[in-house]
Structure formats: C-alpha cells, structure tokens
Student: 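Provided herewith is a single structure, encoded as structure tokens, for subsequent inquiry.
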Amino acid sequence: MAEEEFQYLSGFGNEFASEDPRCPGCLPKTQNNPQKCPYGLYAEQLSGTAFTAPRVTNKRSWLYRIRPSALHTPFKPIDMGNMRDDWNSWYPDPNQLRWHPFTIPDAAKGAVDFAEGLNTLCGAGDPKTRNGLSIHIYACNSSMLHKCMYSSDGDFLIVPQKGTLRILTEFGKMTIKPNEICVIQQGMRFSVQVSEPSRGYILETYNKHFTLPDLGPIGANGLANPRDFLTPVAWFEDKEIQCTIINKFQGKMFEAQQGHSPFDVVGWHGNYTPYKYDLDKFMVINAVAFDHADPSIFTVLTCQSETAGVAIADFVIFPPRWSVQEHTFRPPYYHRNCMSEFMGLIKGKYEAKEEGFRSGGGTLHSMMTPHGPDSECFEKASNANLKAERIADGTMAFMFESSFSLALTEWGNKTCLRVDEEYYKCWQGLKSHFNPNDRLKLSETGGESVSKVKKFSF
Ligand code: FE2
C-alpha cells in the first residue's frame, strides 16, 4: 500500500473498531471472546490500565489475530549498545547542558536500524515501580527487517527530526514525518522502516498514559484538538518468516524469536491504540496585550502524576505564531524552574538562541538551573521597536518538561561525544544596565517611585 493510501481513524482515546477490508466481519458481532472467532482468528486482549481502573481512564483493546502473541521462543538478554538506564552510575551535573546535533551512523560503515540506533540520553525513576521517565535519541540509516520491538516499561512519544518513519504496528500502518509525532503505548509491537538517514527524540513515560491537558478558562476548544489525533486502521500480513521480537523490560533489553509476522491482527476494537498528530494542527493561544503566558500554554500532551497539575512529563511545542505584546520583553523570560526542561529542535532557529542550538541537538536545563535568552538576544529584544510580527516561522522547537530531576546516562555524558562545552558562554556577555539615577529621572517626570507607593500599601 502506498503511503498516501494509509488510512486513519480520527479522535483522541476514542473507542474504535477497525477491520482489514480483506476480511469483512472479522470482529465478533455480539461479544469480545466467542468460543470460535470469525475467520478462525484468536482473540487477545491488550490491557493498558489495570482491569479495575476508573471507566474514564480505563484503556484496553481486543485484537483478533492469526496467532496469539505468546507464540515465541524464550526471551534472552541482549546488549543494545546505548539503550540503557545507567543514569544512577554517573555523578550529577547541575550545569546548563547543550548537545550538538546527534550523530547519525554512516551507512557506508554498516546498517543501523531504529532499534539498534536507540540511545538513552537521560532519565529518572524506575520502571520496576512504574514511576519515572527516560529520554532517548534514535539515529539510524536502515529499516528494521523481520524485527519488531515493544516496551514493557512505558509509552514512547516519538518526535522525528530527520527522515520520515513508516511504522508498522499491530493496529495498522502509520507514516510520521518530521513535524508530526506519534505515541506507541506500552506493550504495542512495532517496526520502523526508513528511506534515508533518520534521527529523532523519544520521551518514554513509565507511570500513566498521555492525555490532553485540561483547558480551564480557555474553554472547549484550543491547543491540540482531539479530532486531529489519528489512529491507523487494521492491516495484517500472514507471513511465515523468522522474526525477532525485542522487548525493553525493567530498563534492560531482551529478544525472542518467532516463525511468523507479528503484524497478523486482522481486526481490532478498543480505546488503547497507537496514534499520530501533526504539530501544524496545534491551535496556538498566547498573550495578546502584554507580558507572557507560561510555556504550559503550548502543551500538546501531558502525562500527569498523582499530584494535581504536576506532570511526570509534558510535551510542549513552540510553534510559528504572531507576537504582539506591547511594552514587553518578548523572548522567553529568564527563569529557574522546579521542573527539568529538555529541549529539542525539529527545524529552524529557536527565538531565544538563534545560534548554537541546532536542529537535531538538544539542551537540558535541570531543576533550578538558571537559563534564558543569550546576551545577544537580550540586547536585541530589549531595544526592539515593538510591532506585531510573526515569529518562529519555519521553526519547531519542543520541550519535554518533567517534575523528575533528570540525570544523564554514560551515553549522554560521554559516549555520544556531542556535549557542547562552550554553552555557558552564551550568557557571559550579559551586562549590568543598572542606573541608580533612573529614580531621579522618574521623579523629575512626575512618575511615582515604588518607595512612594509603599507608604500606601499594607
Ligand atoms: Fe526554561
């Protein structure tokens, strides 16, 4: 099937039903697990939440497949190179960190597929207790052949930066271009095909599934709209081939073999599915008079902790938009945050640092690590003649923001060889503009000083 013929179901977290058109009526009509399924299929449930989770959060799908997924040889540990949760074995680093674009392996030196090209950059927590997250970088030059993978630990939110991903899943096929994202949830088997050297970012969350953020006073519409999330339609192949199944389990990698394609689901129904989203569909909301909305106004998806309003991780984007605030320093404000902020750049130039932060690279500003615009950006923006203007056209930066204190792996710290040792220098040119005589000027012009106002405050 050509990519343009791929079909999708629209909606976020909907209860869908999908049959491969080659087998109409493959879904049982009146029950989930009949004594005999249509077409001689096996019924298999994939549970994404505890059986007893509240109805509003309960996630499960029923898969009708040629063989049950239990049919494979025992899993054995494998060395997947840089896909490892060794962040506790390195001394913490509170500095502002920046990485040059991560290296894509040279195809002339050997084929590296998506699974082999996974590298864990940083993380926190523990999949054994289902609490925490990890951030991975993928960099590959070839397709996964007769191979699929899944994570027992959490959900993969995949952000391609270079190269279109053609992803086969048990639920159907998806194409994900840069500026689109997809979420492959815990346990779902998938295989990635690429047609060029490819690179991107993955946020893996262990606790819960991603949801859309509440909109509060924004109202019923805005940010990412549910109908723009797309789930693939059922598609299967009936192939007897030797196939490798890779499993990420408790932070370690394993593999098993089976003699048939894992993509043998003829039909499925349920609300636990993979999905994709085009970032250009995001309905941007922002300040239209003065000052800033916090960057949370750009949240696409959130994985919430048990504490109200506190995210295990948010996926936030900085899309093209109008900037119109009056008498305001418009770039992101200087700040220190009780959250960890990992940023990546899909394309273009990020407004707060036009040089140095490059597409395919990243930054990590850890808890309470100060950051903000570089000195050049400050001088430019604080002296600019403000008018309504477009910003970030041709650019898409994003942030994984977490309430966990993220720690680097050996790969992120050392092996990737992409740490930018010069990053701190971008703030070294920040000058003092303090002028105590400004107060005199204020009184001369009839303005009220803060000290005068204080006399009347309580
Ligand atoms: Fe920040």
Side-chain angles (χ1 to χ4, degrees), residues 92-100 121-124 133 135 157 159 161 201 203 205 213 223 279 282 284-287 291-305 309-321 323 325 328-346 348-359 361-382 391-392 395-408 412 419-420 422-430:
D93 186 347
N95 286 302
Q96 302 106 345
L97 293 164
R98 181 162 71 188
W99 290 267
H100 300 300
L121 183 77
C122 58
L133 72 155
I135 294 174
L157 188 160
V159 184
Q161 183 271 319
Y201 312 83
L203 168 62
T205 51
L223 311 188
L279 301 180
F282 189 81
V284 184
I285 290 174
N286 208 349
D291 278 352
H292 289 252
D294 286 320
S296 48
I297 197 68
F298 302 129
T299 302
V300 180
L301 288 166
T302 182
C303 176
Q304 285 288 301
S305 73
V310 177
I312 300 300
D314 283 331
F315 173 60
V316 177
I317 60 173
F318 301 93
R321 59 199 183 274
S323 184
Q325 307 102 298
T328 296
F329 179 74
R330 289 182 179 176
Y333 44 70
Y334 292 98
H335 76 138
R336 293 174 291 164
N337 195 349
C338 64
M339 308 276 277
S340 303
E341 302 177 14
F342 173 83
M343 281 192 67
L345 186 60
I346 298 168
K349 288 191 169 186
Y350 179 58
E351 61 204 273
K353 292 183 191 68
E354 295 198 352
E355 302 300 328
F357 180 38
R358 291 150 63 195
S359 53
T363 61
L364 177 62
H365 300 132
S366 295
M367 285 189 176
M368 294 304 173
T369 295
H371 57 284
D374 59 27
S375 45
E376 192 184 335
C377 175
F378 177 83
E379 295 300 333
K380 202 166 131 187
S382 54
I391 56 168
T395 295
M396 188 60 80
F398 71 89
M399 178 162 65
F400 299 150
E401 182 167 12
S402 174
S403 59
F404 278 72
S405 195
L406 297 173
L408 298 191
V419 176
D420 180 358
E422 308 281 295
Y423 185 29
Y424 75 98
K425 290 184 179 172
C426 76
W427 292 286
Q428 300 307 308
L430 289 169

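In listed order, ligands and their atoms are each counted from 1.
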Student: Does one side chain, of Asp314 or Thr302, offer a donor that lies under 3.5 Å from an acceptor on the other?
Tutor: yes
Student: Kindly write out the residues that satisfy ring-ring contact (aromatic ring centres under 6.0 Å, His included) with Phe378, not counting sequence neighbours, or none if the list is empty.
Tutor: Phe329, His433
Student: Hey, which protein N/O/S atoms does the Fe ion (ligand 1) have under 2.8 Å?
Tutor: His335 NE2, Glu341 OE1, Glu341 OE2, His371 NE2
Student: Tell me every residue that passes salt bridge (charged side-chain N to carboxylate O under 4.0 Å, His left out) with Arg321, counting only those two or more places apart in sequence or in another chain.
Tutor: Glu351
Student: Name all residues meeting the side chain to side chain donor-acceptor pair (under 3.5 Å) criterion together with Glu341; count only those two or more places apart in sequence or in a different chain, and write none if there are none.
Tutor: His335, Asn337, His371
Student: Would you indicate whether the side-chain heavy atoms of Val159 and Phe315 approach each other to under 4.5 Å?
Tutor: yes
Student: Hey, are Tyr333 and Asp294 close enough side-chain-wise for a donor-acceptor pair under 3.5 Å?
Tutor: yes
